[in-house]
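Okay, structure first, notes after.
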Amino acid sequence: FDRCLLTMVKKVGQRRRGERSSDGAACRCHSLVIIFSLLGLAMLIGFSGLFALSRNLASGVLTAAAARAVVSPQADVPASADTGDAVVTDKSDNDGNADVDHSKYQMTFSTDCGDYQRWQSYLVFYSAMMVGQPGYVTRIASSCTDEEAEAEQQWFDKHVKPMNSRFRLHLTPHFSNVKDENGEETGKSYDFFNKPFGMQHWLEHGEGMGVDLATGKVLNEDAIVILLDPDHILLRPLTEDFSDPAHLFRADMGNRKVTHGHPFAQEYGYGGDWKRKAIEVSEENSPARKISQKEAADYYPAGPPYLATGRDFYTLVKKWTEYVPKVHKVYPHLLAEMYAYSLAAADLELPHQMVRSLMMSDTGNQREGWNIIDDLSLEEACQFGFDIRKTDRALPGVLHYCQRYMIGKHFFGKRRLPKDFLTCEKPLLYEAPPDVGTKYDYKIPPPPHKPAGEKKPLNQMQQRRESLAVCLVTRTLNDAATFWKQNACEEGKANLKKSLNLWNVEDMHTSSGR
């Protein structure tokens with residue numbers, strides 16, 4: 001090796017003096033120098049990895065990614081993968097956001113392991129890809145059997161991970177069992193325990209997150225954490241910035257950015273009911289007991305999308321998981337977990353800036369983002385839904401398709417979508433004509449509605465909103481399914497006919513999801 005270095009130096013001198021030299025030996029030596037240099041670099045990386053692991057363990061930071069980076073290095077780890085430290089500055093890009101620090105944004109949504117929420121999850125990921133959502137998007141899947149967990153991981157790796165290296169799956173234990181005052185299982189379940197407990201599990205153990213065992217603080221405390229529902233379609237990227245004048249607020253607090261101590265959320269329609277129905281489970285000296293009914297309705301009827309810093313979300317979720325079993329015991333109904341969230345926020349004195357424009361869902365609701373698009377004509381509404389990602393105008397953050405949408409006999413209801421919709425054989429959804437908003441001023445509920453064929457009148461506002469929603473959700477599902485088929489099916493095997501009419505399909509799902 002020393003002789004090679006001398007040969008290389010001699011060659012450089014000859015070139016400077018204009019002399020010719022034999023390149024054979026120099027080329028062989030050049031190759032040898034490169035090999036030794038690469039070996040030295042590999043050793044340096046190895047020692048750095050070991051140092052990072054020992055540093056994490058010594059400081060009480062236990063992250064699976066830190067150990068995995070040393071014990072099982074992978075040659076094909078995506079550029080955005082967590083390679084050791086819990087907080088990684090990541091500007092990797094495969095969606096046009098090259099200048100964004102993707103470690104700043106952590107979007108999550110909670111599901112079970114059933115087929116019903118598998119296609120919903122795919123739609124979240126697809127819409128995140130299409131709008132260029134910055135940061136990481138993680139599906140938190142709870143209550144899986146070992147076989148289901150393995151199947152979900154395989155399905156994710158095959159169909160979702162190739163869409164974007166920042167899309168993730170986080171599997172958690174089973175949380176939905178209801179327990180009595182002695183901690184014994186009652187044999188009953190409440191599926192929505194999965195959301196707060198799954199969220200806590202992800203914050204403590206998820207890739208890119210984690211908790212310092214010495215201090216109990218979440219490591220990525222400055223991240224903007226966003227919690228969706230699985231039946232959300234992203235219409236635009238969600239970030240901490242609410243400075244756009246198109247945003248609509250309730251009880252404007254003057255904040256326009258999510259920061260420590262200032263969480264944001266969509267306003268939901270239960271107002272101050274959470275205080276009337278859940279306050280009894282709080283401590284006698286809880287700050288939640290001291291707020292007025294007006295304050296309870298102005299700052300706490302929060303629902304997804306929720307946005308808070310990592311620090312605030314971890315503080316909230318610990319109190320949320322403390323309260324949700326107690327609230328469910330006194331109020332064993334659908335909204336128990338949402339009431340528990342409101343109670344936790346009030347107990348922690350973390351009032352939320354209630355946003356009315358983050359979501360559109362209920363076509364009859366005036367506290368949602370419909371107002372942003374209510375200036376559309378009846379002729380434009382459906383086509384706007386078809387082409388919503390092409391518009392330059394302001395949009396709500398998500399469509400929350402927990403409702404049933406219909407105009408005439410054109411219908412969408414999530415519980416009627418066949419569980420095998422994302423297969424090569426299944427056809428796409430039948431789509432309404434672009435001028436559907438002008439054709440019908442009524443809706444005909446699908447069977448088994450009685451009396452059959454009843455025409456329920458719609459006013460112009462309802463015509464506009466129903467036609468937009470039907471067209472938006474069916475086209476987005478068709479686009480997502482087409483994308484799936486193009487990447488999963490053999491050539492010529494994908495059924496791309498738009499013939500599946502949900503008006504004629506029986507409800508297929510009776511649980512797992514609102």
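Everything numeric in this text was worked out from a predicted model, so none of it was measured.
A distance-only check finds a donor-acceptor pair linking the side chain of E380 to the backbone of S377 [under 3.5 Å]. A donor-acceptor pair is defined here as one N or O able to donate and one able to accept, closer than 3.5 Å; such a pair exists between the side chain of W370 and the backbone of D362. Using modelled atom types, one side-chain atom of Q353 and one backbone atom of R250 make a donor-acceptor pair closer than 3.5 Å.
A cation-pi geometry, defined here as NZ or CZ lying under 6.0 Å from the six-membered ring centre and within 45° of its normal, does not hold between R168 and F156.
With 3.5 Å as the limit, one finds no donor-acceptor pair spanning the side chains of T108 and T138.
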Distance-only donor-acceptor pairs under 3.5 Å for side chains of residues 454-461, two or more places apart:
unit_1	atom_1	unit_2	atom_2	d
E454	OE1	H449	NE2	2.7
N459	OD1	M461	N	3.1
N459	OD1	Q462	N	2.7

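Ring-plane geometry between F193 and Y190 is classed as perpendicular, the angle between the planes exceeding 60 degrees on a 0 to 90 degree scale with a lower cut at 30. Between Y341 and Y306, the two ring planes are tilted [angle within 30° to 60°]. Ring pair F264/F249 is perpendicular by interplanar angle, where above 60° counts as perpendicular and below 30° as parallel.
Taking the six-membered ring for Trp and the full ring otherwise, W503 and H410 have centroids separated by 6.0 Å or more. Checked against the 6.0 Å centroid threshold, H333 and H328 do not count as a close aromatic pair. Taking the six-membered ring wherever Trp is involved, the centroid distance between the rings of Y105 and Y136 does not fall below 6.0 Å. Between F167 and F125, the distance separating the two ring centers is shorter than 6.0 angstrom.
Looking at K493 and E425, no side-chain N of the basic residue comes within less than 4.0 Å of a carboxylate O on the acidic one, giving no salt bridge. The pair K179-E185 does not meet the salt-bridge criterion, since no charged nitrogen lies less than 4.0 angstrom from a carboxylate oxygen.
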Please evaluate residues D222 and K104 with respect to the criterion salt bridge (charged side-chain N to carboxylate O under 4.0 Å, His left out), reporting the C-alpha separation (whole Å), side-chain torsions for both, the decisive distance (0.1 Å), and the verdict.
CA-CA 7 Å; D222 296 326; K104 180 178 180 180; over 6 Å; no

